[in-house]
Amino acid sequence: LVVFIRHGPGKTPTGAGFSSHDYNFIVMPRFVAAGHCRHPHIGAFAHEVGHFLGLPHTFPGDPFKTANDAAAYLRSHGNSPAAFDGDGFSDTPPDPAVRSLECSSQKSVTLGGVRFPLPRRNLMSYYDEGDGLSPMQISRVRWVLRERLRRGMRMPVNQTSRACREFEDLDGRQAIESRPSIQAMGGYGAGSWSGNAQLFVGSGPGGSFSARVKVPRTGLYAVSLYATRAPNFGRIEAFFSGKRLGQSTDLYAPIVMPTAAIRLETIQLPAGTHTFTVSAAGKHPASTGFNFGLDCLDLSPR
């Protein structure tokens with residue numbers, strides 16, 4: 001685990017700590033500079049490790065300055081408590097995250113007639129007593145840690161060769177029982193996707209997407225697919241001019257992340273225009289959909 005400690009110049013810290021599941025490091029201020037509630041913020045490092053291992057805050061966006069600000073936000077969202085759900089876990093309560101309550105001993109706050117218990121002991125909140133995680137948070141941490149351990153604590157990125165063909169630029173696109181659209185991916189990890197974009201394919205079971213691919217000269221080619229994993233993505237199969245390539249690939253993950261290279265197969269291809277097809281072929285039990293995301297296709301001569 002790589003941690004950068006920063007401070008300065010002089011007595012002024014350069015900023016707070018930060019990390020994310022798409023970073024391969026954690027940044028922290030010096031311990032004496034990590035003040036919170038008039039004492040060193042002893043939970044700050046554990047909080048940033050949580051981000052490093054795929055955990056969002058318990059609250060959405062930034063904390064509110066006052067309870068009135070939080071109440072106004074709740075009204076603008078139909079007075080639904082789900083408006084304060086920042087992490088999507090059913091075993092962490094919606095968190096209004098009012099700055100003035102962080103260092104108090106108040107256990108709950110009532111906004112718009114709705115009482116909200118405050119997750120004061122949760123490490124991914126900003127309250128002073130954070131010292132633990134919920135079972136669903138722990139499950140997420142273990143999942144992301146296993147992914148990191150497979151790659152020397154690094155997360156995958158779609159680092160591609162110059163020959164990689166972006167799906168959003170391919171000609172002759174055809175969708176069957178699916179809805180393709182170009183999606184910017186910078187918000188999920190800058191530089192993690194080729195061209196910072198993907199072709200998102202909204203699909204049901206059996207849906208497919210096809211596009212034309214030009215092969216410049218006859219020869220043996222290693223075919224690799226760069227794609228995306230997400231909570232609502234399914235299992236896919238790939239075909240080159242009707243020939244199935246490799247095994248099916250499960251694109252489910254509890255967080256949005258690139259796949260890195262999915263090495264499909266090395267095949268003999270004649271020069272000319274071919275059709276590359278990806279189809280939905282089932283899904284992981286935990287996935288909420290059959291969608292898939294396609295970044296680019298790499299044909300490397302052998």
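Both backbone and side-chain heavy atoms feed into the values below; hydrogens, waters and symmetry mates do not.
The closest side-chain heavy-atom distance from D87 to Q137 is below 4.5 Å. Residues R140 and P56 form a side-chain contact, since some pair of their non-hydrogen atoms from C-beta on lies under 4.5 Å apart. Looking at heavy atoms from C-beta onward, L225 lies in side-chain contact with I236 at the 4.5 angstrom threshold. At least one side-chain heavy atom of V3 sits under 4.5 Å from a side-chain heavy atom of F45. Side-chain contact between R30 and I5 is present, with heavy atoms from C-beta onward closer than 4.5 Å. The shortest side-chain heavy-atom distance between P93 and F116 does not fall under the 4.5 Å cut-off. Side chains of M155 and R151 form no contact here, defined as non-hydrogen atoms less than 4.5 Å apart.
The aromatic rings of F233 and F200 sit tilted relative to each other, their planes meeting at an angle between 30° and 60°. In this structure, H47 and Y126 have tilted ring planes: the angle between them lies in the 30° to 60° band.
Taken to the nearest 0.5 Å, the CG atom of D250 stands 4.5 Å off from the CZ atom of R235. Rounded to the nearest 0.5 Å, atoms CZ (F292) and OG1 (T249) are 12.0 Å apart. In this structure, the separation between CG on L299 and CD1 on I267 is 8.0 Å, given to the nearest 0.5 Å.
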TODO: Test L133 against M124 for side-chain contact (heavy atoms from CB on, under 4.5 Å), laying out the working first.
DONE: CA-CA 8 Å; L133 299 171; M124 301 316 296; 4.0 Å; yes
TODO: Please test S279 against S208 for side chain to side chain donor-acceptor pair (under 3.5 Å), starting from the C-alpha separation and ending with a verdict.
DONE: CA-CA 4 Å; S279 63; S208 67; over 6 Å; no
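Around the CZ atom of R121, the shell of radius 6.0 Å holds no more than 12 heavy atoms that belong to other residues, nucleotides or ligands. Other residues, nucleotides and ligands contribute more than 12 heavy atoms inside 6.0 Å of the CD atom of E265. Taking a 6.0 Å sphere around CD of Q106, one finds it holds more than 12 heavy atoms contributed by other residues, nucleotides or ligands. Open room surrounds OH on Y23; 12 or fewer heavy atoms of other groups in view lie less than 6.0 Å from it. In R154, the CZ atom is not crowded: 12 or fewer heavy atoms of neighbouring residues, nucleotides or ligands sit closer than 6.0 Å.
Note that R148 lies in the cation-pi zone of F52, set by a 6.0 Å cut-off to the ring centre and a 45° limit from the axis.
Side-chain contact annotation: S178 with S203, donor-acceptor N/O pair under 3.5 Å absent. In summary, the side chains of T66 and N68 do not present any donor paired with an acceptor at a separation below 3.5 Å, with no hydrogens or angles considered. In summary, the side chains of H39 and D128 do present a donor paired with an acceptor at a separation below 3.5 Å, with no hydrogens or angles considered.
E48 places a side-chain N or O within donor-acceptor distance of the main-chain N or O of S19, the cut-off being under 3.5 Å. Judged by distance alone, with hydrogens and angles left aside, the side-chain atoms of D95 form no donor-acceptor pair with the main-chain N or O of F84 at under 3.5 Å. R120 contributes a side-chain N or O that, together with a main-chain N or O of S104, makes up a donor-acceptor pair within less than 3.5 Å. N196 places no side-chain N or O within 3.5 Å of a backbone atom of G186 that could act as its donor or acceptor partner. Within the 3.5 Å criterion, the main-chain N or O of G246 finds a donor-acceptor partner in the side chain of R244. A donor-acceptor pair is defined here as one N or O able to donate and one able to accept, closer than 3.5 Å; such a pair exists between the side chain of H284 and the backbone of A286.
Every pair tested for side chain to side chain donor-acceptor pair (under 3.5 Å) that includes a residue from residues 72-82 fails, sequence neighbours excluded, so the list is empty.
Closest heavy-atom contact between S134 and T92: OG-CG2, 3.5 Å. Nearest heavy-atom pair across P270 and T218 is CA-OG1, 3.5 Å.
In the hydrophobic clustering, Y188 connects to M185, W193, V256, either directly or through intervening members, whenever side-chain heavy atoms lie under 4.5 Å apart.
Residues satisfying the side chain to side chain contact (heavy atoms under 4.5 Å, CB included) criterion with A260, sequence neighbours excluded, are P156.
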